[in-house]
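Structure first, then comments.
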Amino acid sequence: MFKIKKRRKYTRKKKYRIWIGFALFWVKLFTKKRKVVGELAPSPCVYLCRHRDADGVIGAFTSLKTVLRPWTLHIFTRYGAALKHLKEYTFPEKSGKSKVFTAVFAPVCALGLSSLVRSARAIPVYRGAEARRAITTIKNSVRALEEGDNLLVFPDVDYANADSKTEGEVYKGFVAVDKLYFRRKGERVNFVPVYIDEKKVVIHSPVRFGDGAEDVTVQKIVEGIYNE
């Protein structure tokens, strides 16, 4: 009798879309390589690290050798909203740039930023006046995990703090992702704390909710993103 071989199911390797891939190529060329300690977790999972202004973002995208879908403030997904934010806050207030500088560079930066965010298939995060739409972030995150994607979340409230290792306050919205995922799949999400500084990236072991009290699990994540 002849044996009928089962056809292998072909799974396309996940890659970054063209614009974010192009940007990462050049960023890697002009940034110092960081030492990576630890192993990536099996997909899908949620990586969490400090924002450290822009340094944590660059460190995560250039050092974690996997495709990441970041949580990003919703205003950066649209050109008009991004332009308004850059013109009214980022350049004049945060960076102290002149009106001329802001008028010239804000439109260019807003276009580039919103294009990169969409290219990375970022999941919009809604806060402030748009907080009522927060459930959309959770639903989109769970859908991404169900499709095998890895998420990248920056939970630290003081996102501009790039120096101190003192553990700070974090947003806990990511906990809701696990609750909805468990309700739909009957499985827990792997949350992977990542410590990032100027020289190294430390990937800690995954932690799961349900293995202990919720506040204890959150504290493990906080300790992981603030300590090597």
Side-chain angles (χ1 to χ4, degrees), residues 13-16 20-72 116-117 120-123 125 141 144-145 148-175 177-178 181 187-228:
K13 184 178 180 181
K14 291 182 180 292
K15 296 181 179 180
Y16 282 118
I20 185 68
F22 180 76
L24 286 176
F25 172 79
W26 287 104
V27 170
K28 288 177 182 178
L29 281 182
F30 292 100
T31 56
K32 189 176 179 180
K33 190 174 181 180
R34 307 174 204 230
K35 179 182 178 181
V36 179
V37 179
E39 300 291 333
L40 294 173
S43 300
C45 66
V46 179
Y47 292 95
L48 304 102
C49 63
R50 293 174 60 200
H51 201 289
R52 290 172 52 86
D53 213 347
D55 192 55
V57 180
I58 294 172
F61 273 102
T62 57
S63 301
L64 300 178
K65 306 301 182 183
T66 186
V67 176
L68 302 165
R69 292 187 63 182
W71 273 19
T72 306
L116 286 175
V117 167
R121 297 193 300 149
I123 294 175
V125 175
S141 298
L145 291 169
D149 294 331
N150 296 317
L151 306 184
L152 176 63
V153 176
F154 304 95
D156 49 332
V157 175
D158 187 8
Y159 70 91
N161 182 2
D163 300 318
S164 175
K165 290 185 179 180
T166 303
E167 293 175 10
E169 186 181 358
V170 297
Y171 294 111
K172 300 177 183 177
F174 59 87
V175 178
V177 174
D178 179 75
Y181 189 84
E187 301 173 2
R188 294 292 183 183
V189 177
N190 278 327
F191 290 89
V192 186
V194 180
Y195 170 82
I196 296 177
D197 65 20
E198 295 82 0
K199 297 180 180 180
K200 71 178 79 65
V201 172
V202 181
I203 307 170
H204 293 284
S205 299
V207 298
R208 290 187 174 205
F209 291 94
D211 293 342
E214 182 178 299
D215 58 342
V216 173
T217 304
V218 170
Q219 186 56 34
K220 286 182 180 178
I221 291 172
V222 173
E223 290 172 357
I225 67 176
Y226 277 90
N227 300 280
E228 299 178 37

Worksheet item: Mind checking what makes side chain to side chain donor-acceptor pair (under 3.5 Å) contact with S43, not counting sequence neighbours?
Response: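 Expected list: N150.
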Worksheet entry | All side chain to side chain donor-acceptor pair (under 3.5 Å) counterparts of R52, not counting sequence neighbours |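 Checked R52 against side chain to side chain donor-acceptor pair (under 3.5 Å); matches are D55, E198.
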When rounded to the nearest 0.5 angstrom, what distance separates [atom1] in [X] from [atom2] in [Y]?
X: I203; Y: L40; atom1: CD1; atom2: CG; answer: 4.5 Å
X: I58; Y: L24; atom1: CD1; atom2: CG; answer: 10.0 Å
X: S63; Y: K35; atom1: OG; atom2: NZ; answer: 13.0 Å
X: C49; Y: I221; atom1: SG; atom2: CD1; answer: 12.5 Å

Worksheet item: Can you name the residues that form a ring-ring contact (aromatic ring centres under 6.0 Å, His included) with H51, not counting sequence neighbours?
Response: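 With sequence neighbours excluded, H51 shows a ring-ring contact (aromatic ring centres under 6.0 Å, His included) to F154, Y159, given in chain and number order.
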Do [X] and [Y] touch side chain to side chain, with heavy atoms closer than 4.5 Å?
X: Y171; Y: V125; answer: no
X: F174; Y: F209; answer: yes
X: F61; Y: V27; answer: no
X: R50; Y: N161; answer: yes
X: V194; Y: V201; answer: yes
X: D158; Y: E169; answer: no
X: H204; Y: I225; answer: no
X: S141; Y: W71; answer: yes

For [X], give me all partners under side chain to side chain contact (heavy atoms under 4.5 Å, CB included), at least two apart in sequence or on another chain.
X: F22; value: W26
X: T72; value: P70, F76, V117, A122
X: S205; value: none
X: V46; value: L48, L145, L151, V153, V189, F191

Fill in: Derivation and outcome, side chain to side chain contact (heavy atoms under 4.5 Å, CB included), residues V36 and K65
CA-CA 10 Å; V36 179; K65 306 301 182 183; 5.9 Å; no
Worksheet entry | Residue pairs fulfilling salt bridge (charged side-chain N to carboxylate O under 4.0 Å, His left out) with at least one residue in residues 211-224, sequence neighbours excluded |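 Listed by first then second residue: K179-E214.
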Restricting to salt bridge (charged side-chain N to carboxylate O under 4.0 Å, His left out), what partner residues turn up for [X], sequence neighbours left out?
X: D156; value: none
X: R208; value: none
X: K200; value: D197, E228

Show the nearest heavy-atom pair for residues [X] and [Y], with the distance to one decimal.
X: I123; Y: R69; result: CG1-NH2, 4.0 Å
X: K172; Y: V218; result: CE-CG1, 4.2 Å
X: P44; Y: Y181; result: CG-OH, 4.4 Å
X: L116; Y: A23; result: CD2-CB, 3.7 Å

Worksheet item: Can any side-chain N or O of R34 pair as donor or acceptor with the backbone N or O of I196 at less than 3.5 Å?
Response: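 Such a contact is absent between R34 side chain and I196 backbone.
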Worksheet item: Is there a donor-acceptor pair under 3.5 Å between the side chain of Y16 and the backbone N or O of L68?
Response: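 Side chain of Y16 to backbone of L68: a pair is present.
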